[in-house]
Amino acid sequence: MAWFQRYTPNLLDAIELAGTVLRSPAAALGGVDGVAVYLTRQERWVELEALCRLGQGFVRRLRELPDASLTAEQLDLTQAVLLSRRAEAAVGLEDGARALRFAQAAQGAAERIPGYEWESHGWVITGHAFGQLGDWESALLSYRRASAIAGLRNDEANRVLAGYNMGRTLHRLGRDSEALPYLLEELDAMVASGDRHGAAITRNTLALTLRRLGDPERAEKMLTESVNELRNSDDLRNLSHALFDLGVSLMGRGEYAAARARFEEELAVLEAVEDPREHARTRLYLSRLDLLEERDVDGHILLHEIDRCLDELPAPDAWRAEALLIRGSIRLRLTPPQPALDDVAESLAIIASLQDLSMRTPLLHLAGSLLDGQVASPRRDALRAELERHSAAAPPPLSSAGAPPTGRSRR
């Protein structure tokens, strides 16, 4: 890293140096690789993507040179690595389709190299890409392959990391009893290695699994430990996730004042993260607390706030489904009450499309409560029958009331 740090404090300038000051494309590739490692650790995905495109340009130039200093096999390997890094950058930018395209191209490039096997980390990135596309079964298969490769190479660190992602994915599929041993193994490994930050992230996912398996006290203890550790780090995104999940846990136990404090702290953190979707969801939960505490708040003002949140949650995912159900709950509390069947109907249509089974049960519970408050009608009965069909395919309910688990941290 020293070569560019001496010349410039600006990584964009460093990328330009790699392309212009270094005369040899082969030497430039070495510089690109060094900067790429740094950018990956810093999660500077846009710059990493630009840098890898530059590196691929060097590879193309070297292929055209009759006296290139790198062999065709070395260039194929470099191409595979650059594609893999672009896949990781796309995952960081939450572009699952692009990430999967690059990951599969990297795998294809690696397969053309005699004796070279696609790395365990590459399969982890492929799993992340499938997960962002909602294809959790394919994600699970990718993580299993990553674990198998790491095991064959006696690479214990990557084997445990792949196992953690298997546990996280099994949790999303509602298979929490299968997820638990993988998550516990990862936590033990993080604690043994002294990685307090990694342990905090793992505790957050583990807590959500324990909560569904009927151990809410242990889950809340882990969430509290995760929040306390992440407050001492610069990982604001995972801190926001842990604060939200702790707030949900406290809300489920009726600790409304403590839950409100966690949600408000998360909003302050999200100002720095600049994630409008998560900001909208946390505001939803503050509105939900207003309902649960039966505060003297004008229902029409709450309804306006929910409508604003819905504008920021246009995608047909679990967050929008939840927002619709909260809006329906507010409509029932107005004077006179407003019908909420349209909100239930749109929410059920979204719930039916969710591949993340762990999100379905609490949403169906909310929808059922909302239907209970509606005047009897043929449409309400039809929606009740639809809800019961979805409930039959959903995992067992959470041990305590609350929101769908987020499971948003990624490692």
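Numbers here are sequence positions counted from 1. This structure is a prediction, so every number in the text was calculated from the model and none was measured.
In terms of heavy-atom proximity, Phe244 sits nearest to Phe263 at O-CE2, 3.6 Å. Annotation for Met251 and Ala259: closest pair N-CB, 3.7 Å, computed over non-hydrogen atoms. Closest approach of Leu83 and Phe102 over heavy atoms only: O-CB, 3.6 Å. Between Ser347 and Ala321, the closest heavy-atom pair is OG-O, 3.2 Å. Of all heavy-atom pairs between His171 and Asp176, the closest is ND1-OD1, 2.6 Å. Of all non-hydrogen atoms in Ser147 and Ala162, the two that sit nearest each other are N-CB, 3.6 Å.
Counting only distance, with no hydrogens or angles, the side chain of Arg380 and the backbone of Gln374 share a donor-acceptor pair below 3.5 Å. Although no hydrogens or angles enter the test, the distance criterion places a donor-acceptor pair under 3.5 Å between the side chain of Gln132 and the main chain of Gly96. With hydrogens and angles disregarded, no donor-acceptor distance shorter than 3.5 Å links the side chain of Ser84 to the backbone of Ala80. Of the possible polar contacts, one joining the Arg320 side chain to the Leu310 backbone as a donor-acceptor pair under 3.5 Å is found.
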request  = Applying side-chain contact (heavy atoms from CB on, under 4.5 Å), run through His300 and His304 and close with a yes or a no.
outcome  = CA-CA 6 Å; His300 290 89; His304 177 69; over 6 Å; no

key: Audit row: Val273, Glu278, side-chain contact (heavy atoms from CB on, under 4.5 Å) steps and yes/no   = CA-CA 10 Å; Val273 175; Glu278 293 194 19; over 6 Å; no

Verdict with reasoning, Leu370 to Leu366, per side-chain contact (heavy atoms from CB on, under 4.5 Å) = CA-CA 6 Å; Leu370 199 52; Leu366 283 175; over 6 Å; no

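At a cut-off of 3.5 Å, with distance as the only test, a side-chain donor of Glu271 or His279 sits close to an acceptor on the other residue. Side-chain contact annotation: Glu266 with Thr282, donor-acceptor N/O pair under 3.5 Å present. No donor-acceptor contact under 3.5 angstrom links the side chains of Asn238 and Asn204, judged on distance only.
Contact of the Ile301 side chain with the Glu305 side chain is not registered, since no non-hydrogen atoms from C-beta on lie closer than 4.5 Å. Within the 4.5 Å cutoff, side-chain heavy atoms of Asp290 are placed close to those of Arg260. By the 4.5 Å heavy-atom criterion applied to side chains, Arg98 and Glu49 are counted as neighbours. For the pair Leu363/Leu354, a side-chain contact is recorded, criterion being any heavy-atom separation below 4.5 Å from C-beta on. Contact of the Gln107 side chain with the Trp123 side chain is registered, since non-hydrogen atoms from C-beta on lie closer than 4.5 Å. Side-chain contact between Ser377 and Leu341 is present, with at least one heavy-atom pair separated by less than 4.5 Å. Put simply, the side chain of Leu313 reaches to within 4.5 Å of the side chain of Leu284, judged on heavy atoms. Side-chain contact between Asn165 and His128 is present, with at least one heavy-atom pair separated by less than 4.5 Å.
Ion pairing between a basic and an acidic side chain is recognised when a charged N comes within 4.0 Å of a carboxylate O; Glu94 and Arg277 show no such pairing. We find that Glu229 and Arg203 are not joined by a salt bridge, their nearest charged nitrogen and carboxylate oxygen being 4.0 Å or further apart. The pair Asp215-Lys221 does not count as a salt bridge, with every side-chain nitrogen at least 4.0 angstrom from each carboxylate oxygen. Ion pairing between a basic and an acidic side chain is recognised when a charged N comes within 4.0 Å of a carboxylate O; Glu88 and Arg85 show no such pairing. Ion pair Glu312/Arg283 flagged as a salt bridge, since at least one NZ, NE, NH1 or NH2 atom sits closer than 4.0 Å to an Asp/Glu carboxylate oxygen.
Atom OG of Ser287 sits about 4.0 Å away from atom CD1 of Ile306, to the nearest 0.5 Å. The distance from atom CZ of Arg253 to atom CD of Glu217, rounded to the nearest 0.5 Å, is 8.0 Å. To the nearest 0.5 Å, atoms NE2 (His241) and CG (Leu223) are separated by 13.0 Å. Rounded to the nearest 0.5 angstrom, Leu348 CG and Arg389 CZ are separated by 9.5 Å. If you take CZ on Phe130 and CD on Glu137, they are separated by 12.0 Å, rounding to the nearest 0.5 Å. Taken to the nearest 0.5 Å, the NE2 atom of His365 stands 11.0 Å off from the CG atom of Leu325.
Around the CG atom of Asp372, the shell of radius 6.0 Å holds more than 12 heavy atoms that belong to other residues, nucleotides or ligands. Heavy atoms of other residues, nucleotides or ligands lying less than 6.0 angstrom from CZ of Arg196 number 12 at most.
Legend: residues meeting side chain to side chain contact (heavy atoms under 4.5 Å, CB included) with Glu265, ordered by chain and number and at least two apart, are Arg231, Leu243, Arg262.
Considering Leu161, Val124, Thr126 as possible partners of Tyr143, the one that fulfils the side-chain contact (heavy atoms from CB on, under 4.5 Å) test is Val124.
Checked against the 6.0 Å centroid criterion, the rings of Tyr182 and Tyr164 do not qualify as a close aromatic pair.
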